[in-house]
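Here the structure comes first, spelled out in structure tokens, and everything after it is commentary.
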Amino acid sequence: MEIRAYDHADSQALIAEVQQEYVVRYGGPDESPVDPAEFAPPLGLFLVGYEDGVPVATGGWRSHGTDAEIKRMYVTGKARGRGYARRMLAELEATALAAGHERLILETGSKQPEAVALYRSAGYVDIPAFGHYADAPLSIHLGKVIKADSPCQSAPSAT
């Protein structure tokens, strides 16, 4: 995994690809507000995974107080099934913990069963809805405490 700016060409190519996948699955792109500066250290982090020099995976987190929100986690169709998503998730968890965050939160959708299965198998559990898609019927909101001595919060600090 390599740290890349959210607006780096490789990041943008994969973000465009995941947005196209949202169009296919949901009929439109993810419209949640995203400011690329939110993914610049120390406020956040954006990663791109490569296979033989080709960008194949992406993911980032942005700070929400003691929480960090995962955004734009994606693996290209050709690279799926090779463990990239699990490795990206582990790296996002490790870097968010190293940055002082206690919990990771995310929003995904019911039309992404592969993503839901990945997150649940990694210990993510249902949390109260938050953010742009808080009232969207297809949204699933998940969280995971990553700091061992942190009390599990019942509500996300994301707005």
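FYI, side chains are in, hydrogens and waters are out, and symmetry mates aren't considered; it's all heavy atoms of this structure.
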Open item on the list: On a heavy-atom basis, which atom in Pro55 and which in Val48 lie closest, and how many Å separate them?
Closed with: CB-CG1, 3.8 Å
- [ ] May I ask you to say whether Glu51 pairs ionically with Arg87, meaning some side-chain N is under 4.0 Å from a carboxylate O?
- [x] no
- [ ] Identify whether Leu45 and Met88 are in the same connected component of the hydrophobic contact network (ILVMFWY, side-chain heavy atoms under 4.5 Å).
- [x] yes
Open item on the list: Asp30: which residues meet the salt bridge (Lys or Arg N to Asp or Glu O under 4.0 Å) condition with it, sequence neighbours left out?
Closed with: Lys71, Arg72
TODO: Using salt bridge (Lys or Arg N to Asp or Glu O under 4.0 Å) as the criterion, list what pairs up with Asp126, not counting sequence neighbours.
DONE: Arg120
TODO: Would you sort out whether Leu89 and Tyr124 count as a side chain to side chain contact (heavy atoms under 4.5 Å, CB included), showing the intermediate values?
DONE: CA-CA 11 Å; Leu89 185 58; Tyr124 286 75; 3.5 Å; yes
TODO: Look only at the side chain of Thr58 and the backbone of Leu47, and say whether a donor-acceptor pair between them is shorter than 3.5 Å.
DONE: yes
Task: Rounded distance [0.5 Å steps], OH in Tyr26 versus CD in Gln19 - done: 12.0 Å
Task: Closest contact, heavy atoms only, Arg62 versus Pro33 - done: NH1-O, 3.0 Å
TODO: Grab the two heavy atoms, one from Ala85 and one from Val75, that are nearest each other, plus how far apart they are.
DONE: N-CG2, 3.7 Å
Open item on the list: Test side chain to side chain contact (heavy atoms under 4.5 Å, CB included) on Glu102 and Val145; report intermediate values, then the result.
Closed with: CA-CA 6 Å; Glu102 297 178 2; Val145 174; 5.7 Å; no
Task: Non-neighbouring partners of Arg86 that pass salt bridge (Lys or Arg N to Asp or Glu O under 4.0 Å), sequence neighbours left out - done: none
Open item on the list: Just by distance, no angles: are the side chains of Glu31 and Tyr133 close enough, under 3.5 Å, to form a donor-acceptor pair?
Closed with: no
Task: Contact list for residues 77-108, test ring-ring contact (aromatic ring centres under 6.0 Å, His included), sequence neighbours left out - done: Trp61-His101
- [ ] Grab the two heavy atoms, one from Tyr74 and one from Leu14, that are nearest each other, plus how far apart they are.
- [x] CD2-O, 3.9 Å
TODO: Could I get the full list of salt bridge (Lys or Arg N to Asp or Glu O under 4.0 Å) partners for Glu17, not counting sequence neighbours?
DONE: none
Task: Donor-acceptor contact below 3.5 Å, side chain Arg25 vs main chain Lys111 - done: yes
TODO: Give every residue pair that meets the ring-ring contact (aromatic ring centres under 6.0 Å, His included) criterion with at least one member in residues 30-57, sequence neighbours excluded.
DONE: Tyr6-Phe39, Tyr6-Phe46, Phe39-Phe46
Open item on the list: With rounding to the nearest 0.5 angstrom, report the CZ to OG1 distance, Arg82 to Thr76.
Closed with: 7.5 Å
Open item on the list: If hydrophobic clusters are built from ILVMFWY residues whose side chains come within less than 4.5 Å, do Leu92 and Leu118 share one?
Closed with: yes
Open item on the list: The test is side chain to side chain contact (heavy atoms under 4.5 Å, CB included); show your working for Ile140 and Ser110 and say whether it passes.
Closed with: CA-CA 7 Å; Ile140 298 171; Ser110 59; 4.2 Å; yes
Task: Residue among Asp67, Ile105, Leu142 satisfying side chain to side chain contact (heavy atoms under 4.5 Å, CB included) with Ile127 - done: Ile105
Open item on the list: Tell me whether Leu97 shares a hydrophobic cluster with Tyr119, the cluster being built from Ile, Leu, Val, Met, Phe, Trp, Tyr side chains joined at under 4.5 Å.
Closed with: yes
- [ ] Find the distance between CE (Met73) and CD (Gln112) and round it off to the nearest 0.5 Å.
- [x] 11.0 Å
